[in-house]
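Reviewing the structure listed below.
Only heavy atoms go into these numbers, but all of them, side chains included; no hydrogens, no water, no symmetry mates.
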Amino acid sequence: MIPCFSNRMERILERYERYSYAEMQLTSTHNESQGSWTLEHAKLKARIEILQKTQRHLMGEDLDSLSLKELQNLEQQLDMALKHIRLKKNQVMTESISQLQKKAKELLDQNNLLSKQIKEMEKEIGEHDLEHQSHDMMASCQLGICDAYHGGQVGGADGEVEQNPRQVQGQGQASTSGMPAWMIQHMNK
């Protein structure tokens, strides 16, 4: 029985050593990890402070602590930044002007097209009106009142213009202006 007991004891000791070693490793790793995080935190904190200080310098604040060389370096940085800003601004303005010119050309083309369409419509309407007027004139002449379209004058046989007999007859009733008789009578009173 003793050999069995000793085997058991050996196994128990082995397990204890294994667990102790694993626990030591874990603790060691945890401590190293925590140490590296602390170191990383300190580095990042210092970096943030440097960036904030640089930002204040670029804004023209806290310049008293800078030497002449540092001030000249800061001035060069600002000059370079201004050059980049101006280049970008000019690029944006040029692109904007180009887009506006393109839009103006499109609007001008559209305006010309609409003007052309309006002229064509006016021409069609004018032809239609002229056709309608000539049709009305022919119908009036057939009814015997075409002299109203000629200003109340009728051409004689020898080409002389003579007074329309109807107007001479009803001079008190109508005039060459084409006003109705009742209006003329009202004006004569």
For Lys103, check side chain to side chain contact (heavy atoms under 4.5 Å, CB included) against everything at least two apart and list the hits. Leu107
Gap between atom CG of Leu51 and atom CZ of Arg56 - 0.5 Å precision: 11.0 Å
Leu74: which residues meet the side chain to side chain contact (heavy atoms under 4.5 Å, CB included) condition with it, sequence neighbours left out? His57, Leu58, Leu63, Leu66, Gln77, Leu78
Just distance, no hydrogens or angles: give the donor-acceptor pairs under 3.5 Å from side chains in residues 109-124, sequence neighbours left out.
unit_1, atom_1, unit_2, atom_2, d
Asp109, OD2, Lys105, NZ, 3.1
Asn112, ND2, Leu108, O, 3.4
Ser115, OG, Asn111, O, 3.1

Can I get a per-line list of side-chain donor-acceptor pairs under 3.5 Å for residues 84-94, giving both atom names and the distance, sequence neighbours left out?
unit_1, atom_1, unit_2, atom_2, d
Asn90, ND2, Arg86, O, 3.3
Gln91, NE2, Glu95, OE2, 3.4
Thr94, OG1, Asn90, O, 2.7

Does Ser98 offer a backbone N or O that forms a donor-acceptor pair with the side chain of Gln101 under 3.5 Å? no
Going by salt bridge (Lys or Arg N to Asp or Glu O under 4.0 Å), name the residues that satisfy it together with Asp64, two or more places apart in sequence or in a different chain. none
Are the side chains of Arg47 and Lys43 in contact, using a 4.5 Å heavy-atom criterion? no
Applying side-chain hydrogen bond (donor to acceptor under 3.5 Å, both in side chains), name anything that partners Asn73, two or more places apart in sequence or on another chain. none
One should read off an interatomic distance between Leu68 CG and Glu75 CD, to the nearest 0.5 angstrom, of 10.0 Å
